[in-house]
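Hydrogens, waters and symmetry mates are skipped; everything else that's a heavy atom, side chains included, is used. Chain identifiers are assigned alphabetically (A, B, ...) following the order of the sequence lines, protein sequences preceding nucleic acid strands; residue numbering begins at 1 within each chain.
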Amino acid sequence: MNPWLSSYTLALGAIFLVWLGVSGYVIVTRALFDVADLSFHTGRRVLERRLARLGSPKAALAGLPRRTLAGIAADASTDPELARAAAQRLLERHSGRIVKKARAHRNEAQKWRRISSLRILSVAGWENAMPLLRAALEDPDPDVAGAAVSILGTLGERAHAELLVDALRRNVFARSRIAAQLDAFDVPISDLLLPLLDEFDSSVRQWGATLLARYGGTDIDLALAGLVVDEDPQVRAAALKGLARTKSRLATPAAITSLQDPVWFVRVHAARALGRLGHPGLAAKVVALLGDEHWWVRTAAKDALESIGPVATPALVTALRSDDRFVRNSAAEVLQNTGVVDDLLARLSEAPDDEVATATIQSVFTAGGPALMEAALKRSLPNAGKQHRELLENLAL
Amino acid sequence: MLEHVLYIGTLVCLAYMLGVFALYGFLLIFSALDNSIRTRETLAEDFALLEQSRFSIPVSVIVPAFNEEQVVAVTVQSTLDLRYPEYEVIIVDDGSTDDTFGVLDRMLDLEPYVHFERRIVECAPVVGVYRSRRHPQVRVIQKQNQGTKADACNCGLNFARYRYVLTTDGDTLYEPDALLNAMRLVVRDPERIVGLTGYISVASHPEGRIGVRAEDREVIDETLFSNFQHLEYLRAFLNNRLGWSRIGAMLCASGAFNIWRRDVLEEVGGWRPGFSSEDIELTFRVHELMQRTGRPYRILSIPELVARTEAPSRVRALMIQRARWQRVLLETVWRYRGMIGNPRYGVVGLVGVPLIVATEAFAPFLELASFGLLVAGIVVGVFSWQTYLLFFGSMTFGLALFTSGAVLLEDISTRAYRLRHLARLIALGPLELIVYRPLLIWARLKGTVEFLRGERGWNKFERNVRLPPASEPG
């Protein structure tokens with residue numbers, strides 16, 4: 001039998017044809033995409049010229065095909081006024097079709113048409129868009145629910161916030177994403193958020209407290225202060241963050257109380273809150289946290305002391321003599337990062353006999369070790385070897 | 001007798017090849033599904049909000065650099081250009097003996113300071129810590145060289161302060177949207193997503209794309225050698241890793257871009273310097289821990305292009321790189337041999353690791369054997385040369401088919417190629433088995449021998465020649 005006529009030949013032929021088919025598909029689909037892309041962009045350019053000539057979006061959109069109008073209306077990068085005009089024009093002629101598509105979907109292709117239709121209806125300000133968006137929020141498909149969340153956030157009116165708050169409460173989509181949309185609302189919605197603090201679900205209370213941090217006011221401050229003793233540590237932490245952000249007068253006592261919280265990340269937020277509030281009188285309380293048993297509490301304490309700034313120096317200088325090596329190291333590091341060390345070295349360069357500066361810098365270098373001293377000298381006196389030596393001799397180090 | 005052995009041997013090799021092709025076909029289906037889902041998701045994603053939101057999870061970016069004076073500036077600049085609301089950049093100068101630190105100093109305006117880091121994992125001694133006067137989120141750590149990237153990553157981990165850690169390479173350029181694309185998935189499910197990698201492309205001089213408008217960029221190089229590597233990366237990331245990721249058995253989060261949740265990194269003890277390369281071993285270790293302890297978790301690969309890395313432009317450099325990859329694969333598989341076929345490790349133990357062993361670890365031997373046996377069969381008279389040609393042709397177009405599939409997946413998700421790029425890549429597909437694959441087989445055999453000899457070490461390939469010196473932005 002001729003070996004060329006074996007089953008191997010058939011196999012090769014089949015594989016070759018499949019390869020040819022897939023490769024052809026790649027090229028053809030790409031070419032079609034390029035054509036569609038070109039026509040879309042050509043349409044956009046034509047539209048821009050018409051807009052410049054006619055001035056009114058409505059007039060400029062006249063005569064454009066449905067697909068181009070849909071593309072302009074659903075594209076997030078389109079100018080809002082133009083998108084609205086395109087969406088309204090589409091609805092004048094095809095409202096039934098678009099509403100039908102926005103109502104439900106049965107397959108993947110329909111799903112994305114549904115999302116585009118929802119966007120078009122919303123952009124056009126269609127009076128019955130809200131029930132459709134509500135239904136989309138309830139959809140088990142995360143893409144549809146996510147798109148509804150995003151559209152509601154973009155619309156940004158109070159009624160849309162109400163839907164989103166309800167969605168947050170019922171956990172219909174990732175709460176962090178809903179919260180991100182609510183956090184970007186320009187209209188005040190604190191009255192919609194306040195009831196979240198009384199919800200049974202601690203995650204809802206946590207997000208409520210987090211979102212309310214943008215606002216402030218007596219009611220909110222009181223409600224947040226009440227959550228500082230919540231049974232859930234995440235809620236306690238969120239309440240502390242919120243109070244610190246609003247700079248409420250209730251924040252300080254709440255944060256001081258929370259420095260003793262049994263859960264480490266609540267202590268972290270207590271330290272950060274005190275740092276954010278920035279009262280010099282609180283520095284000593286934060287310094288105490290430098291010796292906390294948990295690393296991240298100590299780090300938060302360092303950050304907080306840096307936020308308080310050079311006014312924390314007296315408390316930090318005391319900490320330089322702590323029995324705990326970490327406390328000593330951290331105090332020296334904070335003094336370095338707040339610029340106190342460099343200032344002291346500058347003072348000593350000008351007045352080598354300054355006894356207070358000498359004693360303080362000696363304490364800092366002893367607590368921080370040789371690396372901190374070398375780094376400080378390099379920063380303060382670059383390329384000055386002789387000056388270094390003299391200074392070190394003066395300091396007896 | 002000899003004829004019988006040759007015949008049986010050839011059948012075994014043929015069955016192996018068909019099995020490998022079947023697996024790749026299976027993975028391609030899952031990859032296409034994953035690619036389609038992710039691409040659609042990005043259409044509905046509100047990236048503008050993610051970029052500004054205070055609820056986006058902050059990330060520590062670790063950039064290990066050893067003797068990277070030619071490219072480190074553009075690498076660092078690409079990390080500074082990342083679009084993400086909150087992240088820090090920790091550059092670890094791993095005892096470079098060239099001017100890497102000098103380049104960084106001039107670019108970032110460094111000042112020495114002391115940071116008492118948390119010693120979570122062991123690493124070689126730190127000799128200096130610097131912060132940038134220009135970019136407050138950037139720190140440079142100078143440490144003694146210990147010979148592995150793992151050690152530099154561990155050093156960076158000790159300084160990292162955020163919940164997720166991204167480790168990178170000092171010779172790789174990052175896409176501005178890389179973190180946004182990756183973290184958009186993490187913020188949806190931070191409890192389960194412990195690791196994530198993305199699609200990495202290659203170029204002889206990736207810095208050439210800096211500052212060029214996206215629509216004007218040449219997506220592929222002009223040289224065939226680079227194009228073949230491009231195709232190989234395409235298949236590895238878009239045909240295979242996406243599929244494995246969808247199945248839940250993605251076993252290599254690429255070292256050039258891998259995001260890990262820090263608590264998991266701490267729990268497994270960071271990167272292990274005892275291996276020739278760090279990425280695949282860490283991915284295995286995290287799988288091993290999570291499966292053994294029965295915790296829900298996901299290690300994902302995303303189809304979006306996150307970075308461009310330097311592809312060796314010389315054959316010798318490629319051989320060194322690929323031999324190391326083979327060596328670390330064998331080291332890892334040998335270290336975690338207890339997972340193979342072990343139901344305790346779920347889909348990873350029952351499917352992922354056995355198939356990696358079969359298709360990657362043993363591949364060079366079986367590929368070589370299949371061609372050798374066929375040649376011997378022709379000489380002895382068991383097969384005709386026509387049969388050999390038909391077999392070879394089938395293999396050629398079989399491999400090319402997967403290449404076209406990978407090109408399709410990338411084009412659908414990015415539309416970055418031009419039509420002529422697509423035609424060029426597709427046309428190169430059938431040539432790969434003849435021109436490029438033998439080099440890989442040889443490199444893998446070399447790597448296997450090195451593994452058996454117990455060789456370790458990074459064996460970093462020499463940087464490609466750059467005629468005009470790399471610019472130093474900033």
Taking B:D411 for the side chain and B:L422 for the main chain, is one N or O donor matched with an acceptor at less than 3.5 Å? no
Would you say CG of A:D186 has more than 12 non-hydrogen atoms from neighbouring residues, nucleotides or ligands within 6.0 angstrom? no
Greatest number of non-hydrogen atom pairs under 4.5 angstrom with chain A, of B:E111, B:H115, B:R118, B:Q52, falls to B:R118
Can you classify the ring geometry of B:H421 versus B:Y417 as parallel (below 30°), tilted (30 to 60°) or perpendicular (above 60°)? perpendicular
Quick check on A:A184 against chain B: is it the side chain, the backbone, both or neither that has a heavy atom closer than 4.5 Å? side chain
Counting only heavy atoms closer than 4.5 Å, note whether B:L408 contacts chain A via side chain, backbone, both or neither. both
Is chain A contacted by the side chain of B:S53, its backbone, both, or neither, given a heavy-atom distance below 4.5 Å? side chain
Cationic N near anionic O, under 4.0 Å, B:R235 to B:E432: yes
Would one find more than 12 heavy atoms of other residues, nucleotides or ligands at under 6.0 Å from atom CZ of A:F33? yes
Is A:F265 atom CZ crowded by more than 12 heavy atoms from other residues, nucleotides or ligands, each under 6.0 Å away? yes
Quick check on B:R161 against chain A: is it the side chain, the backbone, both or neither that has a heavy atom closer than 4.5 Å? both
For A:N329, is it the side chain, the backbone, both or neither that has a heavy atom under 4.5 Å from a heavy atom of chain B? both
Looking at B:R163, I want to see if its CZ is surrounded by more than 12 non-hydrogen atoms of other residues, nucleotides or ligands under 6.0 Å. yes
What part of A:K111 gets within 4.5 angstrom of chain B, counting heavy atoms only: side chain, backbone, both, or neither? neither
Note: vs chain B, highest number of non-hydrogen pairs under 4.5 angstrom among A:T210, A:V149, A:I151, A:T299 is A:T210
Heavy-atom contact with chain A under 4.5 Å, split by part of B:Y130: side chain
Identify which part of A:D342 has an atom lying under 4.5 Å from any heavy atom of chain B, answering side chain, backbone, both or neither. neither
Residue part contacting chain B, namely of A:L211, when any heavy atom lies under 4.5 Å: both
Would you mind checking if B:R83 and B:D177 are paired as a salt bridge, meaning a charged N to carboxylate O distance below 4.0 Å? yes
Tell me, for B:F391 versus chain A, whether the close heavy atoms (under 4.5 Å) come from the side chain, the backbone, both or neither. neither
